[in-house]
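Here is the structure we will look at, set down as structure tokens.
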Amino acid sequence: MSKNIRSINKLSRNLWWSWDTDAKDLFKNLSPLLWERVNHNPVELLRHISTEELQARCSCEFAARIDKVTKRFDEYIEEKDTWAANHAPELVANPVAYFSAEFGIHESLRIYSGGLGILSGDHLKSASDLGINFIGVTLFYKEGYFRQYLNNDGWQNEDYPLQYPESLPVDKVTTKDGKDLIIEITIAQSTVYAQAWSLKVGRATLYLLDTNIPANEPHYRGICSRVYGGDQNMRINQEILLGIGGVKLLEALNIDPAVYHMNEGHSAFLTLELLKRELEQGLSLEDAKANVKSQCVFTTHTPVPAGHDRFSRDMMHYTFDKYVSQCGIDFDDLMLLGSEDPNNTFGLFTMTVLALKLSRCANGVSKLHGEVSREMWKHLYSTDDPNQVPIGHITNGIHTRSWSSGFTTRFWKKHTESIEDLFSSRESAEAVLSKVSDNELWCLRYRLKRSLFDYISRYLSNQLYHQHQFTPYKQAIDSSRLLKSTLSPDVLTIGFARRFATYKRAPLIFQDLERLNAIINNTEMPVQLLFAGKAHPHDDAGKDYIRQIVQFSQQPQFLGKVIFLENYNIGVAKRLVSGVDVWLNNPVRPMEASGTSGQKTVLHGGLNLSIMDGWWCEAFNENNGWSIGDGEESDNYDEQYRIDAGKLYDVLENHIVPTFYDRDEQNIPVRWLKHVRNAIETIAPVYNTDRMVKEYTLRYYLKVPRI
Ligand SMILES: *Cc1c(COP(=O)(O)O)cnc(C)c1O
């Protein structure tokens with residue numbers, strides 16, 4: 001094999017390529033069509049190209065580019081003078097072990113469902129960029145999360161294409177003598193076996209546990225089928241594998257973490273395995289708990305009581321009976337660890353409670369969510385005063401390099417050495433922007449919108465062609481009419497895409513169809529709307545929201561002006577956040593713990609329009625986007641719905657639409673672009689995972705916090 005082929009293979013096996021525009025283009029240019037067909041998966045792409053072709057093309061057409069990218073990659077991996085080396089050398093010596101039920105790293109790796117996973121993936125990438133020794137732990141889901149397609153009425157159906165290790169950049173974890181590394185865990189009365197895969201994400205490693213091996217009974221093989229699939233029993237088994245299996249895996253690999261980070265309560269059983277270890281050393285339960293606590297930190301993500309994982313005493317007893325005897329702890333002591341009431345072990349076992357009780361610090365994911373969490377859990381700390389509750393907050397961010405790659409990165413690179421200047425500080429962002437004219441910014445917006453609309457047009461015609469049976473448009477309209485009448489880049493374009501959890505209220509903007517019609521079909525100042533999102537397979541109310549929007553999109557006055565794109569995922573998200581003018585977010589406050597999708601639009605010159613919830617409460621300053629209302633809350637869902645919809649129309653009619661269409665003599669929306677500049681200067685430097693991971697490190701990961 002020639003050196004160039006080895007290099008390109010090496011690049012394909014580290015997800016670093018996913019945030020390096022040149023590396024990505026290298027793969028894409030090998031065959032743009034195949035690249036689309038394999039869902040941007042370089043391992044799969046290379047499997048489809050013969051060695052002869054690779055040999056021929058890599059040795060001349062691509063030789064210089066492969067060299068250049070490989071050199072940058074090698075330098076990245078070997079860099080010693082990192083932020084962590086200078087600010088947290090302890091975390092270069094021993095790793096942070098970060099446990100999460102899902103990781104959203106790239107669309108070709110379907111081991112995520114939504115925002116929680118994207119956050120884990122972005123955390124991993126920034127930890128790598130900062131030089132922290134960082135290990136992620138999750139499950140290898142053979143079926144992943146579902147692919148969404150809609151039937152004629154707009155009802156969501158799911159299908160579960162399999163993902164195979166051979167097609168992914170994962171390596172089987174083996175022992176020193178080359179055998180598969182197998183760990184054993186106890187579930188109910190059974191021993192369950194798991195192998196593991198490793199995946200490289202820059203300098204970080206992600207381990208994926210996998211019970212889908214012949215040694216297991218079929219129902220235990222199924223633990224690793226679907227992200228959040230199955231019933232409560234499946235859920236508890238997945239969580240045992242993640243938490244207990246994860247700790248055992250790290251032990252088998254001789255990895256000694258400086259700290260265990262539980263990202264959401266799913267992984268909280270890891271504390272039990274740590275407890276077991278301490279008890280085996282002969283410690284008392286109290287001392288063992290104290291030691292476990294000193295090793296763990298916990299991030300909660302759920303601002304509603306119903307959103308937390310809870311298991312019945314019966315289920316706990318069935319599942320942990322044998323395990324507790326192995327641990328040497330009393331079953332009631334176990335129940336107490338997850339009980340909200342210190343005097344009652346007969347209630348439910350709550351994963352968040354376990355995590356809170358056995359971690360040295362805990363946090364919510366925005367300032368408001370920190371407050372909500374302190375209020376929600378104060379009874380655990382026997383206090384009425386939320387300020388006494390030891391739950392802080394670290395506001396979520398995004399991995400800016402990933403979410404701004406492609407044309408946007410190239411655009412900014414024309415104006416500055418490194419795109420980091422846009423998000424490392426407000427001052428450096430201002431300095432870059434001072435070199436960019438309104439004309440250039442407006443050109444960027446047009447270019448990105450055009451590219452999104454071309455993509456949508458291809459996407460929709462594929463949808464119409466491949467899924468003739470299922471297309472929602474089939475009965476309502478003839479496909480060529482849809483494609484002809486579709487989207488114009490001159491028109492103010494609003495995007496809404498996220499999981500269709502009902503609290504996010506996707507159809508809010510349709511509350512008053514007449515008023516919406518007047519906004520969309522205003523002849524001077526029209527508006528168009530793009531939607532995408534999946535409902536959880538068991539969530540019929542969420543599916544009904546999708547159906548409603550699809551049916552609105554088929555009404556004659558909205559045809560080609562309201563579009564629903566099937567199968568929302570990271571790839572679709574990247575397109576949408578870069579192309580739209582306005583990113584809409586209208587959850588029920590305070591249920592959006594943070595939200596991150598709006599942060600992704602900023603460097604592309606998009607603006608946020610959001611309820612005062614999650615991160616937006618902190619970020620909004622009246623000049624960097626718009627708010628819907630000012631943070632009022634009501635207990636009456638329907639009333640709040642009407643009020644928020646009214647405020648949404650008000651701000652669109654009175655502010656957003658007129659500002660967008662207010663043009664100077666060169667037809668440039670000068671006032672609009674002032675908002676865009678302010679958004680970049682005030683949002684990009686704060687709401688990114690570099691800032692976020694630094695905060696986790698200095699406040700939470702280090703034994704002695706530095707800030
Ligand atoms: C960013 C992102 C999310 C998170 O969206 P929010 O609703 O803002 O939390 C979910 N899914 C995908 C695919 C994303 O890219």
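In each ligand, atom 1 is the first atom listed, and ligand 1 is the first ligand listed. Residue numbers start at 1 and run along the sequence shown.
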Under the 3.5 angstrom rule, does the side chain of N624 hit a backbone N or O of A679 as a donor-acceptor pair?
->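 Not at all, since once roles are kept as given, no pair shorter than 3.5 Å links the two residues.
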Would you check if the side chain of S120 reaches a backbone N or O of L116 as a donor-acceptor pair within less than 3.5 Å?
->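 At least one qualifying donor-acceptor pair exists.
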Using the six-membered ring of F146, assess whether NZ or CZ of K534 lies under 6.0 Å from its centre and within 45 degrees of the ring axis.
->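 The answer is yes; both the distance and angle limits are met.
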Can R498 be said to sit on top of F500's aromatic six-ring, NZ or CZ under 6.0 Å from centre and within 45° of the ring axis?
->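 Judged by the rule, R498 and F500 form no cation-pi pair.
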May I have a table of the N/O to N/O pairs between ligand 1 and the protein that fall below 3.5 Å, each row giving the two atom names and the distance to 0.1 Å?
unit_1   : atom_1 : unit_2 : atom_2 : d
ligand 1 : 7 (O)  : R498   : NE     : 3.2
ligand 1 : 7 (O)  : K504   : NZ     : 2.8
ligand 1 : 8 (O)  : T596   : N      : 3.1
ligand 1 : 8 (O)  : S597   : N      : 2.9
ligand 1 : 8 (O)  : S597   : OG     : 2.6
ligand 1 : 15 (O) : K600   : NZ     : 2.6

Pairwise side-chain contact, V588 with E633, heavy-atom cut-off 4.5 Å (strictly under) |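 Not in contact.
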With sequence neighbours excluded, what pairs up with R374 under the side-chain hydrogen bond (donor to acceptor under 3.5 Å, both in side chains) test?
->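 Once residues adjacent in sequence are excluded, R374 has no partner under the side-chain hydrogen bond (donor to acceptor under 3.5 Å, both in side chains) criterion.
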